[in-house]
Amino acid sequence: MPASTPARLLRILEQTYPDARCALDYRNPLELLVATMLSAQCTDERVNMVTPALFARYPDAASYAEAEPAELEDLIHSCGFYRQKAKSIRACCRRLAEEFGGEVPAEMEHLVTLPGVGRKTANVVLNEVFGQPAIAVDTHVLRTGNRLGWISTRDPVKAEFQLLDAVPKKWWGRVTLLLIHHGRNCCSARKPLCADCPILKGCPHGQEALSGG
DNA sequence: ATCCCGAGGG
DNA sequence: CCCTCTGGAT
């Protein structure tokens with residue numbers, strides 16, 4: 001039994017980042033789904049700046065489905081990738097309206113069939129609004145998970161399943177946000193602050209970085 | 001310049 | 001597997 005199991009390190013991260021939570025503003029599953037689609041390559045803060053007007057203009061899936069593309073693009077422009085995102089949101093909501101009664105499905109198998117929705121977005125929605133313990137793998141989770149040795153792959157889907165294996169189920173709902181915060185604040189891509197890392201003792205990459213040079 | 005809680009297409 | 005899509009902040 002190694003001294004620094006994922007559970008032990010996650011407990012430390014929980015103490016270090018006690019308020020790590022989803023930073024996107026939303027009031028229902030559809031709003032979270034749309035906000036998460038907008039958040040690709042964009043800060044949550046920026047997403048939260050556009051969503052009040054967006055959610056007011058399009059209160060349900062049918063509204064997005066009938067949206068004028070140019071108007072929708074305009075409302076989300078500052079989030080980047082605005083043509084792609086507008087197209088995805090519209091196509092996604094069209095399917096929601098036509099095949100799911102306008103509701104966001106609570107199953108992974110259905111979510112990932114929606115245009116513009118991959119496993120990362122689906123897992124965020126499942127975890128946040130449907131109370132399913134799910135792990136959403138983004139760039140931070142991928143990087144930090146590999147450095148910690150909890151996973152060993154650059155493929156996000158493989159990483160998700162390796163994490164489900166390495167992390168006790170109790171932590172599935174928390175590991176994503178904790179690793180994202182840790183990745184942002186400490187375990188950055190370029191110059192990780194290993195000397196100040198709260199879980200350095202359990203990190204092979206950090207140990208090597210500090211000793212090996 | 002480089003990064004930000006990705007997904008789809010070739 | 002690599003490329004593209006995009007604006008804003010630092």
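Note on naming: letters A, B, ... go to the chains in the order of the sequence lines (proteins, then strands), and numbering restarts at 1 for each one. Since this is a predicted model, take the numbers as computed values, not measurements. Hydrogens, waters and symmetry mates are skipped; everything else that's a heavy atom, side chains included, is used.
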Item to complete: Provide, to the nearest angstrom, the distance between the CD atom belonging to A/E45 and the P atom belonging to C/dT10.
Response: 8 Å
Item to complete: Find the distance A/K85:NZ to C/dT4:P and express it as a whole number of Å.
Response: 18 Å
Practice prompt. Please work out whether the ring planes of A/H110 and A/F100 are parallel, tilted or perpendicular, with thresholds of 30° and 60°.
Written response: perpendicular
Worksheet, complete the sentence: A/L111 CG to B/dG6 C1', in whole Å, measures 15 Å
Practice prompt. Between A/V124 and A/L114, just flag the one whose closest nucleotide in DNA chain B comes earlier from the 5' side.
Written response: A/V124
Worksheet item: Among C/dT6, C/dA9, B/dG6, which is the nearest nucleotide to the side chain of A/R83?
Response: C/dT6
Worksheet item: So if you build clusters from Ile, Leu, Val, Met, Phe, Trp, Tyr with side-chain heavy-atom gaps below 4.5 Å, do A/W150 and A/L177 land together?
Response: no
Worksheet, complete the sentence: Note: A/V50 and A/C79 closest approach over all heavy atoms is CG2-SG, 3.7 Å
Worksheet item: Does any residue of residues 70-81 of chain A have a heavy atom under 4.0 Å from DNA chain C, and if so, which ones, in number order?
Response: A/H77, A/S78, A/G80, A/F81
Worksheet item: Charged N to carboxylate O below 4.0 Å: is that the case for A/K87 and A/E73?
Response: no
Worksheet item: Are A/L13 and A/L193 grouped together when hydrophobic residues (ILVMFWY) are joined by side-chain heavy atoms under 4.5 angstrom apart?
Response: no
Worksheet item: Within less than 4.0 Å of OP1 or OP2 of B/dC4, is there a side-chain N or O belonging to A/R46?
Response: no
Practice prompt. Find the distance A/Q41:CD to C/dG8:C1' and express it as a whole number of Å.
Written response: 12 Å
Worksheet item: Can you check the A/D44 CG to B/dC4 P distance for me, whole Å?
Response: 12 Å
Worksheet item: How close or far is atom C1' of B/dA7 from atom CD1 of A/I89, stated in whole angstroms?
Response: 13 Å
Worksheet entry | Side chain A/E160, main chain A/R119, donor-acceptor under 3.5 Å | no
Worksheet item: So what does A/L24 touch, heavy atoms closer than 4.0 Å: a base, only the sugar-phosphate, or nothing?
Response: nothing
Discussion item. Strictly distance-based, threshold 3.5 Å: is any side-chain N or O of A/R90 a donor or acceptor partner for the main-chain N or O of A/L72?
Written reply: no
Discussion item. In whole Å, measure the gap between the P atoms of C/dT6 and B/dG10 for me.
Written reply: 15 Å
Worksheet item: Do we see a donor-acceptor contact under 3.5 Å between the side chains of A/Y26 and A/E128?
Response: yes
Item to complete: Assign A/T121 to base, sugar-phosphate, or nothing according to its heavy-atom contacts below 4.0 angstrom with the strands shown.
Response: sugar-phosphate
Practice prompt. Search all heavy atoms of A/M37 against all heavy atoms of A/I89 and return the closest pair with its distance.
Written response: CE-N, 3.9 Å
Item to complete: Using a cut-off of strictly less than 4.0 Å between a heavy atom of the residue and any atom of DNA chain C, enumerate the qualifying residues of residues 129-157 of chain A by number.
Response: none
Worksheet, complete the sentence: Separation of C/dT4 atom P from A/Q84 atom CD, nearest Å, is 13 Å
Worksheet item: Would you say A/E99 has more than 12 foreign heavy atoms packed within less than 6.0 Å of its CD?
Response: yes
Worksheet item: Roughly how many Å is it from NZ in A/K191 to P in C/dT10, rounded to a whole number?
Response: 17 Å
Response to the item:
Taking for A/G116 and for A/A189 the nucleotide of DNA chain B with the nearest heavy atom, the one nearer the 5' end belongs to A/A189
Practice prompt. Please check the phosphate of C/dC5 (OP1 and OP2 only) for any side-chain N or O of A/Y82 closer than 4.0 Å.
Written response: no
